[in-house]
There are 4 protein chains.
Amino acid sequence: METVTRIAADTDTDTGTAPRRTPRPRADALRNRERIVTAAREMFVEFGPDVPLDEVARRAGVGNATLYRNFPDRAALTHEVVLSVTSRTTDRADEAAAEEGDPFAALSRFVHAAADERVGALCPMLSGGFDKDHPELLAERRRLEEAVEGLVARAMSAGRLRTDIAVGDVLVGLSQLTRPLPGTACLDIDRFTHRHIQLFLDGLEAPARSELPGTAATLEVLRRRP
Amino acid sequence: METVTRIAADTDTDTGTAPRRTPRPRADALRNRERIVTAAREMFVEFGPDVPLDEVARRAGVGNATLYRNFPDRAALTHEVVLSVTSRTTDRADEAAAEEGDPFAALSRFVHAAADERVGALCPMLSGGFDKDHPELLAERRRLEEAVEGLVARAMSAGRLRTDIAVGDVLVGLSQLTRPLPGTACLDIDRFTHRHIQLFLDGLEAPARSELPGTAATLEVLRRRP
Amino acid sequence: METVTRIAADTDTDTGTAPRRTPRPRADALRNRERIVTAAREMFVEFGPDVPLDEVARRAGVGNATLYRNFPDRAALTHEVVLSVTSRTTDRADEAAAEEGDPFAALSRFVHAAADERVGALCPMLSGGFDKDHPELLAERRRLEEAVEGLVARAMSAGRLRTDIAVGDVLVGLSQLTRPLPGTACLDIDRFTHRHIQLFLDGLEAPARSELPGTAATLEVLRRRP
Amino acid sequence: METVTRIAADTDTDTGTAPRRTPRPRADALRNRERIVTAAREMFVEFGPDVPLDEVARRAGVGNATLYRNFPDRAALTHEVVLSVTSRTTDRADEAAAEEGDPFAALSRFVHAAADERVGALCPMLSGGFDKDHPELLAERRRLEEAVEGLVARAMSAGRLRTDIAVGDVLVGLSQLTRPLPGTACLDIDRFTHRHIQLFLDGLEAPARSELPGTAATLEVLRRRP
DNA sequence: TATGAATGAGATTTCATTCAT
DNA sequence: CATGAATGAAATCTCATTCAT
């Protein structure tokens, strides 16, 4: 269920033909690709989606042409980053479902973990310049929605969540609230982010919560975050 | 209590000769200035803070140089837009305080009205490229904070708001949740915005709200929105 | 023999028609024209011939449109400045001729006075963008050349000037050596200007140094240049 | 002793892995850089220091962005041109010192050669828009001053130069007299340039004209200036 | 294949000149 | 007639993308 790195059509089935002394160089290429995506994810968060690709390449420690070899244009890189973040976020949802007993605690844990994965950074990327309906992306998004669906359904059927809440509400609210501000100002905001998504979460909680059970569970979850 | 248009340095210090009552021709100029700010506000919302200024000028119906005459650089224009939105938002807060009897309804009305004023559009502009600590801006921000402070305090002392809520929580949460996505995608999101801020608002409500009184009031408020 | 301010076609012969209560406003117009030319002369010297005309208008204390009413384009203003400087320089030559007894002293006085009139500022203006052969200008230049011709001839026939010197040598050398550097750096240079033109002048002086040893060597050098 | 092309920060500090002997591909880049500097030098001479950089790029036969890659702004290009001209002028001084026997001939040769190198083109560039005190530039200027110092000292101790002459007099006079006029007019002037610097040089020559009658008169004149 | 360099298209900003009051 | 404002054309500089080594 972990994130899998995809390399287009690189099935490595050429071992049967020529002796090819060097099967190794692929390692470097793969590593480069990873580093580019990582750098892009970080810099999209830090500087927004318009960050110069040359800068991304520089941070990744590769030449710009290497970036373009791997991702023919900005759309392709954005696509990969969105895919990557979506995938990692799904992983967090699965972890939360698997490891938290309390249904609301599971949801809370997921939400805070997703914030740490910078789901919010996806928002501005969704705005333009790449194909939001690419099949690969749709599939990954579906995976995420299903995972969150599970968390929501469980919390709801345990009577812990308002019944008028949809998965989309959680995901969109979460994304918006964790959207980083480009530039250094983001740090000030960052200190409040987890507090705000918790407030949002509180709004999702089922009423007659005079005891506020979710909040206690959530605080516990927050305490365990890295 | 309404927004006041500021013209830089209109000191009229004629050194004692003729009275020179009217630097009259400004009628057009003022109108142009207004139109530029309006166009900028709209386009910052629609396309983000990096929208080409030439496009802003085009939408305002003036030549690009007219824009630059009024606002020497992007920072100056951004400054004015932030000032304008802040001011208008404060006006909404004052209206809500004056015209709504129920304290929570007043807060709700403000929050939804602020969303309509596109407070969220301020977020990405706050990230960089202009002086966030300009005195004029600080003053206006203070005015807004005071107005919202009033709304929050009233709702809180009526026992309608959780007591651990600060003005900043409202403003930041509100801003983030209403932050527009550049590009056409924003429209899809927009349909949910008021729903999401209502959810957030619900999270701020005082517990033992088994009857959910605020929600009823809010729905009423929402119904009356234009 | 003093500089006369010229206003095109402003013969003021309209006193015979309508009663026209106000024959006065012309005074202001004339004054404005003078102030523009003065400001332009100063700023051409200080910032070079590309100084923004709006700045010239500002220094003159008039609106830019007033400048353009008097001088339809930069060429027209340049023309007037060149005319003005030429005229004033001629005045200096006439004064020197009239008031100095010693022929070489007269020439010297003229040269240094011309430097103070900023003849050098004319050089870059001569380079382009206006009609160097305008009859009005030709006439004024002729006046200057004649005046300097007189100074040179007198010094030469008194045996005080090398006989291979032409008026052009004096004027061009003088102009080049006094050409100001735009920007503040000119001040450093300025301190040396009079020294340098004096050195140049010394080169023009008739020898008692009949042997001129360096010149022979130099001619040989020049002959070998590519 | 010849001009050395400088490449910024080519420190080659490979951190110990493979030897990476050849950052080879620079052959073209270097050539481009040279061509840009050459084009800039020529066009600064021909059109003045405000010539559009796009035009410089065009003359160099490269895209404008290539120019900006090599020289981030006009100041950087100006810096390089000043450096280059200074360096080449120093080379001319060294050559003259080495190859001319007669001290005054050496100085003369240098002066005329410097004119051919267009030292005068440096003048308007020195006025603004770049750091005149950059260490690299100071060093190169020092080299030039030392070289000319040598020529002057030699001529002086051979009794061929007035003893009140400083290196600065030579360099400034030379620069001013050879300063080109932007625009086509420069050609007319150009024909006289060598003649004029020769006249200037003559002024520097030691008298056998011990009496210097004009100078006394001139000093009197200067004393009376306002 | 990976790289640094090159490129053209576009964004920002300035300025000479014209217009409306 | 004088003015401030408006304008488009041009200059500076940036960046996504392509090329050559």
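Below, all heavy atoms of this structure are taken into account, side chains as well, without hydrogens, waters or symmetry copies. Residue numbers begin at 1 in each chain, while the letters A, B, ... track the order of the sequences.
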In terms of side-chain heavy atoms of B:N32, which of F:dA6, E:dT14, E:dT7 is nearest? F:dA6
Could you give the CZ-to-P distance, from D:R58 to F:dA10, as a whole number of Å? 13 Å
Can you check the C:D50 CG to E:dT14 C1' distance for me, whole Å? 13 Å
Between C:L67 and C:A57, which heavy-atom pair has the shortest distance, and what is it? CD1-N, 3.9 Å
Rounded interatomic separation in angstrom, taking CG from B:L77 and C1' from E:dA11: 15 Å
Taking the nucleotide of DNA chain E with the closest heavy atom to each, which residue, C:Y68 or D:R69, is nearer the 5' end? D:R69
Which nucleotide sits closest to the side chain of A:A65: E:dT3, E:dT7, E:dT12? E:dT3
A:R31 atom CZ is separated from E:dT1 atom C1', nearest whole Å, by 18 Å
Respond yes when some side-chain nitrogen or oxygen of A:R74 is under 4.0 Å from OP1 or OP2 of F:dT17, and no when none is. no
Which atom of C:P49 lies closest to which atom of C:M125, heavy atoms considered: CB-CG, 4.1 Å
In whole angstroms, the gap separating C1' of F:dT3 from CZ of C:R35 amounts to 14 Å
Compare every heavy atom of B:V45 with every heavy atom of B:A121, then report the nearest pair and how far apart it is. CB-CG2, 3.4 Å
Grab the CG-P distance between C:L53 and F:dT7 for me, whole Å please. 21 Å
Do the side chains of C:F71 and C:R33 get nearer than 4.5 Å, heavy atoms only? yes
Between P on F:dT18 and CG on A:D54, what's the gap in Å once rounded to a whole number? 13 Å
How close do D:R74 and D:V51 get, counting heavy atoms only, and between which atoms? NH2-O, 2.8 Å
With DNA chain E as reference, determine whether D:L67 or B:E55 sits nearer its 5' end, using the nearest nucleotide of each. D:L67
May I ask you to verify if any side-chain N or O of A:N64 is less than 4.0 angstrom from the OP1 or OP2 atom of F:dA16? no
First encountered from the 5' end of DNA chain F, between D:D73 and C:V62: C:V62
Is it the case that more than 12 heavy atoms not belonging to D:R35 sit under 6.0 Å from its CZ atom? yes
Does a nitrogen or oxygen in the side chain of D:T66 sit under 4.0 Å from OP1 or OP2 of E:dA5? no
Let's see if you can work this out: which of E:dA16, E:dT13, F:dT17 has an atom nearest to the side-chain heavy atoms of C:P52? E:dA16
In whole Å, what is the span from the CG atom of D:L30 to the P atom of E:dG4? 15 Å
Rounded to 10 degrees, the angle between the two terminal axes of the helix from E:dA2-F:dT21 to E:dT21-F:dA2, each from five pairs: 10°
Would you say that more than 12 heavy atoms from the other residues, nucleotides or ligands in this model lie under 6.0 Å from the CZ of C:R59, or not? yes
